[in-house]
Amino acid sequence: MKKILLLVMPLILSACSADMGRSWAENDCSKIRNNADREQCYKDVDRTFRDY
């Protein structure tokens, strides 16, 4: 049981850290006042975190 937990734990942590990174990036995007720049920021975040 411990071996399974040790194998699964890094996967769980990596998924959590990607979600946190995406959340932080989207939060930064929301602070951009220019609509075009903000939309581009969201697209860049989506493209960056799409595979995570």
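Computed from a predicted structure; not experimentally measured.
- Nearest heavy atom pair, residue Gly21 against residue Phe49, reads C-CZ, 3.6 Å.
- Between Asp46 and Lys43, none of the side-chain N atoms (NZ, or NE/NH1/NH2) sits under 4.0 Å from a carboxylate O, so this pair counts as no salt bridge.
- A donor-acceptor pair shorter than 3.5 Å cannot be found between the side chains of Glu39 and Asn35.
- Summarising the geometry, atom CG belonging to Asp44 is positioned 4.5 Å from atom CZ belonging to Arg47; distances are rounded to the nearest 0.5 Å.
- Atom CZ in Arg38 sits 10.5 Å away from atom CZ in Arg33 (nearest 0.5 Å).
- Using a 4.0 Å cut-off between charged side-chain N and carboxylate O, Glu26 and Arg22 make a salt bridge.
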